[in-house]
Student: 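Next up is a structure, given as structure tokens.
Owing to the predicted nature of the structure, the values given are computational and were not obtained by experimental measurement.
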Amino acid sequence: MSSAVQPSVRAAVNQTDERLERAIGLPTLTASIVNMTIGAGIFVLPAIVAARLGAAAPLAYLVCAGLMGLIVACFAAAGSRVALTGGLYAYIEVAFGPFVGFLTGVLFWLMATFAVASVATAFVGSIGAMMPALDGRVPRAIIVASVFAALALVNVRGVRAGAHVIRIVTAAKLLPLVVLVLAGLWFVGGPALQWPGLPSIDALGNACLVLIFAFAGVEIALVPTGEVINATKTVPRAVFLALACTTTFYLLLQIVAQALLGASLVSYTAAPLAEASARVLGNAGRSAILLGAVVSMFGYLSGDMLSTPRVLYAFGRDGLLPEPFRRVHPSFRTPHVAIAVHAIIITTLAVSSSFTRLAILANVAALTLYGTCVAAAVELQRRDVRSDGATPLRLPGGSTIPVLAIAVIVWLLSHATRLEFAIEALVLGLAAVFYLIRRGGGQA
């Protein structure tokens with residue numbers, strides 16, 4: 001579909017998203033992606049990957065970066081063509097229609113919601129570990145409620161305020177890790193880093209299955225695309241820049257940890273980076289890394305509050321949720337109802353922990369979303385969809401990158417269990433029924 005025959009796309013922008021403020025530029029979007037990608041996992045992953053590959057562990061990071069590069073290239077191509085709030089949901093909805101878009105949007109929101117609720121639980125648990133007086137059920141509930149109330153208030157008052165928090169938290173959580181890298185580089189070398197030869201395909205595959213989700217998070221950061229300045233150019237640049245930054249950072253942390261701890265790295269599964277920091281910076285270094293983990297989790301929570309509520313807003317915008325969800329605050333120009341509802345749901349889940357039985361859905365849901373978005377990128381390019389008339393990113397090599405990306409996703413999905421697929425099928429079935437009811441009631 002050329003730019004001359006796509007009124008539905010432009011109508012959606014003119015009627016709703018134009019009320020949002022386009023205030024997210026390249027630095028902020030890149031920081032948001034880095035913030036959502038570099039989460040709590042990096043504080044434990046070096047030991048896990050080393051246990052599988054030994055001194056060859058850095059190879060897994062390069063392989064995962066290559067695999068994720070194929071996938072995010074399709075994200076970037078789709079994002080350069082659909083400048084609508086909703087991220088992957090919006091890309092898929094424009095490519096394949098409201099029904100498929102809604103089903104994948106439900107998976108996306110559930111995946112993000114249960115993931116952030118899980119991180120919130122770990123966040124208050126870490127605070128309780130450092131300050132035992134705050135480790136009871138009531139104090140934990142108060143902390144969770146206070147944190148999400150504050151984040152919701154910041155984000156309701158404007159996307160600029162929410163983005164500013166992201167920039168500050170991203171810098172704060174990276175600072176102790178940067179100090180560790182700079183201090184540890186003096187110790188790089190010796191037998192701990194001697195190349196042991198190529199690992200087996202099975203060993204490398206198992207390591208990548210653990211590590212690949214350390215590179216995930218871009219899909220959440222792309223949700224506020226409707227508030228990105230010049231999304232056609234900004235989204236692709238931010239995606240690739242963030243992937244390059246996170247890959248480099250992950251590699252340096254793995255190499256430094258191996259150099260400082262050697263073969264004993266695999267023994268420190270709880271906090272390998274904290275132990276590595278203690279070797280060069282003493283107890284102060286260990287404490288800084290542990291505090292950095294708490295800040296990192298807070299950064300994830302703040303990044304989610306900037307992004308995921310926009311999925312609920314997008315559902316409201318498209319008539320799939322009641323009218324209040326598409327409301328934009330007249331003064332702050334933010335989807336205030338969606339933000340408030342999301343904060344309440346997350347707080348309830350994090351306090352009750354009832355979400356844990358459904359957390360298994362996250363991995364399969366993420367890969368399903370990735371695969372559908374790859375297909376959407378192909379369809380959007382085939383129809384030459386252009387939301388804002390600018391020249392979008394075209395994937396080189398025709399269908400080569402999408403085909404390779406689908407192959408990677410299928411390979412990863414082949415390791416999922418029947419239970420995971422059954423849970424996803426149940427969720428999609430319920431979502432389909434809800435969609436049909438809404439359509440039958442004339443709401444979609």
Student: Over all heavy atoms of both residues, which pair between Tyr300 and Val116 is shortest? Give the atoms and the distance, please.
Tutor: CE2-CA, 3.8 Å
Student: Grab the two heavy atoms, one from Ala50 and one from Leu265, that are nearest each other, plus how far apart they are.
Tutor: CB-CD2, 3.5 Å
Student: Show your working on side-chain contact (heavy atoms from CB on, under 4.5 Å) between Val235 and Ser80 and close with a plain yes or no.
Tutor: CA-CA 6 Å; Val235 170; Ser80 72; 5.7 Å; no
Student: At what distance, to the nearest 0.5 angstrom, does CD1 of Ile346 lie from CG of Leu301?
Tutor: 8.5 Å
Student: Taking the six-membered ring for Trp, are Phe123 and Phe298 parallel (under 30°), tilted (30 to 60°) or perpendicular (over 60°)?
Tutor: tilted
Student: Sub-3.5 Å donor-acceptor pair from the side chain of Thr247 to the main-chain atoms of Ala244, do we have one?
Tutor: no
Student: Can you check whether Leu180 reaches Val256 side chain to side chain, under 4.5 Å on heavy atoms?
Tutor: yes
Student: Please check this pair: side chain of Thr234 against backbone of Ile229, looking for a donor-acceptor N/O pair closer than 3.5 Å.
Tutor: yes
Student: Is any side-chain heavy atom of Val410 closer than 4.5 Å to a side-chain heavy atom of Ile406?
Tutor: yes
Student: Between atom CE of Met305 and atom CZ of Arg310, what is the distance when rounded to the nearest 0.5 Å?
Tutor: 10.0 Å
Student: Going by heavy atoms in the side chains, are Leu321 and Phe434 under 4.5 Å from each other?
Tutor: yes
Student: Which pair of heavy atoms, one from Cys373 and one from Phe75, lies closest together, and at what distance?
Tutor: SG-CD2, 3.6 Å
Student: With ring-ring contact (aromatic ring centres under 6.0 Å, His included) as the test, pick out the partner of Phe215 among Phe249, Tyr250, Tyr370.
Tutor: Tyr250
Student: Can any side-chain N or O of Ser296 pair as donor or acceptor with the backbone N or O of Gly292 at less than 3.5 Å?
Tutor: no
Student: Check whether any side-chain heavy atom of Gln258 sits under 4.5 Å from a side-chain heavy atom of Pro46, and report yes or no.
Tutor: no
Student: Taking all non-hydrogen atoms of both residues, which atom of Ala431 and which atom of Leu103 are closest, and how far apart?
Tutor: CB-CD2, 3.7 Å
Student: With heavy-atom distances below 4.5 Å as the criterion, would you say the side chains of Leu62 and Leu251 are in contact?
Tutor: yes
Student: Could you check if a side-chain atom of Pro176 sits within less than 4.5 angstrom of a side-chain atom of Leu291, using non-hydrogen atoms only?
Tutor: no
Student: What pair of heavy atoms forms the shortest contact from Ala242 to Ile33, and how long is it?
Tutor: CB-CG2, 3.4 Å
Student: Should we say atom CZ of Arg279 is surrounded by more than 12 heavy atoms from elsewhere, each under 6.0 Å from it?
Tutor: yes
Student: Under the side-chain hydrogen bond (donor to acceptor under 3.5 Å, both in side chains) test, which residues partner Asp304, sequence neighbours left out?
Tutor: Thr308, His342
Student: Drop me the distance from Glu275's CD to Ser264's OG, to the nearest 0.5 angstrom.
Tutor: 7.5 Å
Student: For the atom pair CG (Leu349) and CD1 (Ile344), what is the distance rounded to the nearest 0.5 Å?
Tutor: 12.0 Å
Student: Output yes when a side-chain donor or acceptor of Arg52 lies under 3.5 Å from a complementary backbone atom of Ile48, and no otherwise.
Tutor: yes
Student: Could you check whether any side-chain N or O of Asn35 sits under 3.5 Å from a backbone N or O of Thr170, counting only pairs where one atom can act as donor and the other as acceptor?
Tutor: no
Student: Determine yes or no for a side-chain-to-main-chain donor-acceptor pair under 3.5 angstrom, with His336 supplying the side chain and His329 the backbone.
Tutor: yes
Student: Run Phe99 and Tyr435 through ring-ring contact (aromatic ring centres under 6.0 Å, His included) and show every step you take.
Tutor: CA-CA 7 Å; Phe99 179 64; Tyr435 177 87; 5.2 Å; yes
Student: Which value, rounded to the nearest 0.5 Å, describes the distance between Ile38 atom CD1 and Leu177 atom CG?
Tutor: 7.5 Å
Student: Taking the side chain as everything from C-beta on, heavy atoms only, tell me whether Leu413 gets closer than 4.5 Å to Phe421.
Tutor: yes
Student: How far apart are the C-alpha atoms of Phe108 and Ile92, what are their side-chain angles, what is the distance that settles it, and do they pass the side-chain contact (heavy atoms from CB on, under 4.5 Å) test?
Tutor: CA-CA 12 Å; Phe108 177 91; Ile92 294 168; over 6 Å; no
Student: Write down the atom of Ala338, the atom of Phe325, and the distance for their closest heavy-atom approach.
Tutor: CB-O, 4.2 Å
Student: Between Arg286 and Ser277, is there a side-chain heavy-atom distance shorter than 4.5 Å?
Tutor: no
Student: Give the intermediate values and the outcome of side-chain contact (heavy atoms from CB on, under 4.5 Å) for residues Thr372 and Leu107.
Tutor: CA-CA 11 Å; Thr372 311; Leu107 283 181; over 6 Å; no
Student: When you measure from the side chain of Thr28 to the backbone N and O of Gly25, does any donor-acceptor pair fall under 3.5 Å?
Tutor: no
Student: Measuring from Ile143:CD1 to Thr347:OG1, what's the distance to the nearest 0.5 Å?
Tutor: 12.5 Å
Student: For residues 61-70, pull every pair meeting side chain to side chain donor-acceptor pair (under 3.5 Å), keeping only residues two or more places apart or in separate chains.
Tutor: Tyr61-Gln254
Student: Output, in order, the C-alpha distance, side-chain angles, deciding distance and verdict of side-chain contact (heavy atoms from CB on, under 4.5 Å) for Thr104 and Thr368.
Tutor: CA-CA 8 Å; Thr104 52; Thr368 302; 5.6 Å; no
